[in-house]
There are 2 protein chains.
Amino acid sequence: MPIAQRESISASVTATKMRLLDVSGRLFAESGFDSVSLRLITENAEANLAAVNYHFGSKEELIAAVVEKLVGPVNQRRLALLRQINLDVSGACQSIVEAFIDPVIEAASRGDEEDQKFCKLMSRCIASRDERITSLVLRQFPEVLAKFVDALRLVCPWISSDVAHMRIMFMAGAMAHSLFHYDKLVIISEGRCEISSLDSLRDELVQFISAGMLADTSK
Amino acid sequence: MPIAQRESISASVTATKMRLLDVSGRLFAESGFDSVSLRLITENAEANLAAVNYHFGSKEELIAAVVEKLVGPVNQRRLALLRQINLDVSGACQSIVEAFIDPVIEAASRGDEEDQKFCKLMSRCIASRDERITSLVLRQFPEVLAKFVDALRLVCPWISSDVAHMRIMFMAGAMAHSLFHYDKLVIISEGRCEISSLDSLRDELVQFISAGMLADTSK
DNA sequence: AGAGAATTCAAACAAACGTTTAATTGAGTT
DNA sequence: AACTCAATTAAACGTTTGTTTGAATTCTCT
């Protein structure tokens, strides 16, 4: 039924196309990109099986659309937050770490979906082991990496360029891993670790990584 | 009727079976567990297509064999190293971190294969997003987690149980992520970061994580 | 209302997958 | 030499996958 077609004639994005994007993201978060079939997607989106190929061309292009829609805004927000930091004040290192992490937490909390789903999908993008995914994600990442390395080395002059690059990688890994698995911590710890909210996870991540960033081997 | 029977004679492991295990590990490291077909495995192992089902029962059991053969010894070595640590001396925190990381580095360097392949496979096991894999890996992990949490809290009494659990998770994430992606750092950094050996990566990991472990929020 | 583009639909496609089957080999035992 | 049984082989099985097709339907605009 034509209800929401009041606006935007030329730049029209079909309701079905948006539904496919939305459902795909939710299913990809749960089971990964490969495990989710087009049949499962189109059934959940109440669309025809051929809808994905019609609107996106192929499953691969659907995945690309989901990934880029997800990581693009996050990286832009990271750069925006980084620009706002006064690198001269003490605590600037923690601000850098927050500029990297908070865009993900914000996006997760802002979403109409549950936080978990978003975190899992984001984690699958950041730390994917699939070359087809990483090539999509890493396309935007060189700029982010370079800017954060520069900022980090301004705040911590004793860190070499190589070490700075590695530490950014450590940060990404710690974040991606814990974003994906933090809800399992209760089980793995056999009840010894209580459920932690996403916000408390964020706080601990910032503390841990900030301390790691400030580490001085030569000291 | 061929039956994939449990090894009544424990010493008898066929040459074909060992070749399948070896080739599977190498291929799984490159492309992941799902993407590698039994046909590709058996061709590379110069065995018949039915060989996997004959010797292991199913592909799933082959994966389980590969995973357990890989992560089992590493976890045992972790616990052994942890027991040897004198938790009273200064620098004990770094020793704990080393006890977690070094077994992986040792196994990678000891292998007859290239380091990269081993690291990628190990990383796929540790930080897998596939429930079927994580359930295998995490079976042994509660003991490791509990022991490392206890040791960490002895050395850093100001850390709560919840925070200790999270920091172990951060450590695993930083390690797994960098083990898998460190060889890509040259490309992502657009040449600004030189190739780093596995040993130098290990040293920086230890420095970074040790500092993170020692972080004191209340300070 | 009617022409034309855009979308949806059911059906079929070829390819790849893990698994199973039945026949065959080959060394060790009686 | 006949028998045994684990191991290997070629071939086929039934599913599932992404993709394509052509007709039917719905929407847009004059």
Side-chain angles (χ1 to χ4, degrees), chain A residues 1-25 27-28 30-67 130-133 136, chain B residues 1-25 27-28 30-67 130-133 136:
Chain A
M1 301 301 177
I3 304 175
Q5 291 285 347
R6 288 183 180 273
E7 54 179 6
S8 73
I9 300 174
S10 59
S12 67
V13 176
T14 323
T16 310
K17 191 171 184 179
M18 289 186 359
R19 241 182 307 127
L20 286 172
L21 265 178
D22 189 56
V23 168
S24 298
L27 293 176
F28 288 156
E30 291 173 8
S31 313
F33 300 99
D34 283 329
S35 303
V36 178
S37 67
L38 293 187
R39 284 167 177 81
L40 184 65
I41 292 175
T42 51
E43 283 170 12
N44 279 62
E46 297 181 33
N48 186 269
L49 171 58
V52 166
N53 287 279
Y54 176 79
H55 285 286
F56 294 92
S58 67
K59 185 186 181 183
E60 194 120 342
E61 292 174 270
L62 167 66
I63 295 177
V66 170
V67 170
D130 188 328
E131 300 287 343
R132 304 188 312 256
I133 308 297
L136 287 174
Chain B
M1 306 285 181
I3 304 172
Q5 62 178 18
R6 295 283 171 223
E7 57 276 22
S8 51
I9 307 172
S10 58
S12 75
V13 176
T14 322
T16 309
K17 191 171 183 177
M18 286 186 0
R19 241 182 307 128
L20 286 172
L21 266 179
D22 189 56
V23 168
S24 299
L27 293 176
F28 288 157
E30 292 174 5
S31 314
F33 299 100
D34 284 328
S35 303
V36 178
S37 68
L38 293 187
R39 283 167 177 82
L40 184 65
I41 292 175
T42 50
E43 284 171 13
N44 278 63
E46 297 181 32
N48 187 270
L49 171 58
V52 166
N53 287 276
Y54 176 79
H55 285 287
F56 296 92
S58 66
K59 184 185 181 182
E60 194 122 344
E61 292 175 88
L62 167 66
I63 295 176
V66 170
V67 170
D130 189 326
E131 301 286 345
R132 304 189 311 257
I133 308 296
L136 287 174

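Below, chains carry the letters A, B, ... as their sequence lines are ordered, and counting in each starts from 1.
Atoms CG (Asn53(B)) and C1' (dA7(D)) sit 14 Å apart, rounded to a whole Å. Per the geometry, CZ belonging to Phe56(B) stands 16 Å off C1' belonging to dT19(C), to the nearest Å. Remark: C1' of dT8(D) and NZ of Lys17(B) are 16 Å apart, rounded to the nearest angstrom. Straight-line distance from the CD atom of Glu46(B) to the C1' atom of dA7(D): 17 Å, rounded to whole Å. The distance between atom CG of Leu38(B) and atom C1' of dA16(C), rounded to the nearest whole Å, is 12 Å. Spacing between atom CG of Leu20(B) and atom P of dT8(D) amounts to 9 Å, rounded to whole angstrom units. Rounded to whole Å, the distance from OH on Tyr54(A) to C1' on dT21(D) is 14 Å. Rounded to whole angstrom, the span from the CD1 atom of Ile63(A) across to the P atom of dT17(D) amounts to 14 Å.
Counting only residues at least two apart or on different chains, the side chain to side chain donor-acceptor pair (under 3.5 Å) pairs with a member in residues 30-44 of chain B are Glu30(B)-Lys117(B), Asp34(B)-Arg132(B).
When side chains are defined from C-beta on, Val67(B) counts as touching Phe33(B), because their heavy atoms get closer than 4.5 Å. Two residues are said to be in side-chain contact when any heavy atoms from C-beta on lie closer than 4.5 Å; Leu40(A) and Val23(A) fail this criterion. For the pair Phe56(B) and Leu20(B), the minimum side-chain heavy-atom distance is below 4.5 Å.
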Look for any protein N or O under 3.5 Å of an N or O in nucleotides 10-12 of chain D and output each such pair with its distance, or none.
| unit_1 | atom_1 | unit_2 | atom_2 | d |
| --- | --- | --- | --- | --- |
| dA10(D) | N7 | Asn48(B) | ND2 | 3.4 |

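Under the 3.5 Å distance criterion, the side-chain polar atoms of Thr14(B) are left unmatched by any main-chain donor or acceptor of Lys17(B).
In this model, the phosphate group of dT7(C) is approached by a side-chain N or O of Thr14(A) to a distance below 4.0 Å at OP1 or OP2. The phosphate of dC17(C) has OP1 or OP2 within less than 4.0 Å of a side-chain N or O from Ser37(B). Side-chain nitrogen and oxygen atoms of His55(B) include none within less than 4.0 Å of the OP1 or OP2 phosphate oxygen of dA6(D). A sub-4.0 Å separation between OP1 or OP2 of dT7(C) and a side-chain N or O of Thr16(A) is absent.
His55(B) contributes atom NE2, which lies 13.5 Å from atom CD of Glu61(B) (distance to the nearest 0.5 angstrom).
Listed nucleotides dG18(C), dA6(C), dA7(D) differ in distance to Lys59(B); the shortest reach to its side chain belongs to dG18(C).
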### Task
Take Leu38(B) and Asn53(B), measure what side chain to side chain contact (heavy atoms under 4.5 Å, CB included) needs, and give me the verdict at the end.
CA-CA 9 Å; Leu38(B) 293 187; Asn53(B) 287 276; 3.8 Å; yes

